[in-house]
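Structure first, then comments.
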There are 2 protein chains.
Amino acid sequence: MATARLNDSELADRAVETFRMYGYEGSSLNRLAEATGLEKASLYYRYPGGKDQIVMAAATHVAGWFEQNIFLPLAGEQSPRRRVQNVARLLRRFYADGTKPCVLDTLSLQGGPPQLQAALQSALDGWLAAFTNIAIESGMTRTQALRRAEDALAAIEGSLILSRVLGQKRFFLRTLASLPDLLTEP
Amino acid sequence: MATARLNDSELADRAVETFRMYGYEGSSLNRLAEATGLEKASLYYRYPGGKDQIVMAAATHVAGWFEQNIFLPLAGEQSPRRRVQNVARLLRRFYADGTKPCVLDTLSLQGGPPQLQAALQSALDGWLAAFTNIAIESGMTRTQALRRAEDALAAIEGSLILSRVLGQKRFFLRTLASLPDLLTEP
DNA sequence: GTCTATATTAAGATAGAC
DNA sequence: GTCTATCTTAATATAGAC
């Protein structure tokens, strides 16, 4: 058997980059083929279910990224504040200083397979829980911590839109800078 | 000359509804025809430039809606707080309690004509200016007012995403409820 | 001004060679 | 496992009747 040009993780990663920029409907197989360096037929070999299977693999891959770069670091050894600072740094890279959209936004538009919405919901739920937990650990009540987590998530997603539409990174970067206080100062 | 089934305003309104749900790439002429009740050929008669012209008309129409339902009410006669409460009510209807996405989000993805991004940027700039002005009028410094306006916009856009992905209106509704304090309490 | 019918291009998807 | 070639369907767009 011939060896694959890209492993599943690299392949899903390229797919995520395409879906986050163009959305589900805008991510044609031609664009996905170009982004991955594979021909359309090769994509069908890797994902017999076609575009729907590719987008689900992309969603799963992003959920894994959240696991590694948000959930795990937030459950680490350092002080809560340092852990949040670390996560903010990782988020800054993932969103390229606010120049790249969030898949939770992009892929939650109408269109795509029904399970996709469930996958996005699950990923966002996990993210909210991770933020809530670090806020509780920082001394907040459950209610207050939940509220801070929701505000933080909304601020991240909202500032990404402002940064994208106005072409200015400062909105997103400022939100990241506010994260430590928001999540760890009761 | 035969009389049009829909005037330009009604037509643009249906187009906006389609674009906000499906984005630019997902809004095929078939979907636009279904949403407007016109055949594709009739859409080309009204908009010879095709889909690109339709999306620009939609963007212009939304900018007009902002003018009428945000800028003008915020420059009204009542107290600043009452004016913001009024705008919050209008926003609640426009976003259907947080169940419908914002075109500034949906249409700012990759794809579509280049002028579209300029139109969205201009609409968002106007919205920010209107929010900033009411905050200044409420006694804030220019710097503080600008900051509050940006935070308010990001909170609106971000909470719309949370509400959409998690299927819960409360995120968006809570943001609307916080608007009067955010924009009029120094 | 809107329609039916049709042309043209791109999208999603498969077959079979290497 | 990836490719070229091809099929089928849907998309954008136009022609011409009413």
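A note on names: the letters A, B, ... follow the listed sequences, proteins ahead of strands, and every chain is numbered from 1. Fair warning: this is a prediction, and the values are worked out from it, not measured in the lab.
- Qualifying side-chain hydrogen bond (donor to acceptor under 3.5 Å, both in side chains) partners for B:S108, counting only residues two or more places apart in sequence or in other chains: A:R164.
- Of the side-chain N and O atoms in A:T3, none sit less than 4.0 angstrom from OP1 or OP2 of D:dG1.
- Taking atom NZ of A:K40 as the reference point, atom P of C:dA13 lies 11 Å away to the nearest angstrom.
- If you take CG of A:L43 and P of D:dT4, they are 13 Å apart, rounded to a whole angstrom.
- Between D:dA15, C:dT2, D:dT2, one nucleotide has an atom nearer to the side chain of B:A41 than all others, and that is D:dA15.
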| said: Is there a side-chain contact (heavy atoms from CB on, under 4.5 Å) between B:R46 and B:L38? Walk through the geometry before answering. | reply: CA-CA 10 Å; B:R46 304 281 285 267; B:L38 291 179; 4.2 Å; yes
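- Across A:R174, A:R92, A:R170, a single residue satisfies salt bridge (charged side-chain N to carboxylate O under 4.0 Å, His left out) together with A:D97, and that is A:R92.
- Near DNA chain C, meaning a heavy atom under 4.0 Å from it, residues 6-34 of chain A has A:S28, A:L29, A:N30 in order of number.
- Nucleotide C:dA11 holds its P atom 16 Å from the CG atom of A:D52, rounded to whole Å.
- A side-chain donor-acceptor contact under 3.5 Å links A:Y24 and A:D52.
- Taking the side chain of B:R5 as heavy atoms from C-beta on, and the options D:dT2, C:dA15, C:dC3, the nearest nucleotide is C:dC3.
- Atom OH in A:Y44 sits roughly 17 Å away from atom P in D:dT4 (whole-Å rounding).
- Donor-acceptor pairing under 3.5 Å is recorded for the side chains of A:R89 and A:N86.
- For the OP1/OP2 pair of D:dC3 and a distance below 4.0 Å, the side-chain nitrogens and oxygens of A:S42 include at least one atom meeting the criterion.
- Relative to the six-membered ring of A:F94, A:R20 meets both conditions, a distance below 6.0 Å and an angle of at most 45° to the axis.
- Distance CD (A:E39) to C1' (C:dG12): 15 Å, rounded to an integer number of Å.
- Atoms CD (A:Q53) and P (C:dA13) sit 11 Å apart, rounded to a whole Å.
- Rounded to whole Å, the distance from NZ on B:K51 to P on C:dA10 is 14 Å.
- Rounded to a whole Å, the OH atom of A:Y45 is 17 Å from the P atom of D:dT4.
- Remark: B:E34 engages no residue in a salt bridge (Lys or Arg N to Asp or Glu O under 4.0 Å) (not counting sequence neighbours).
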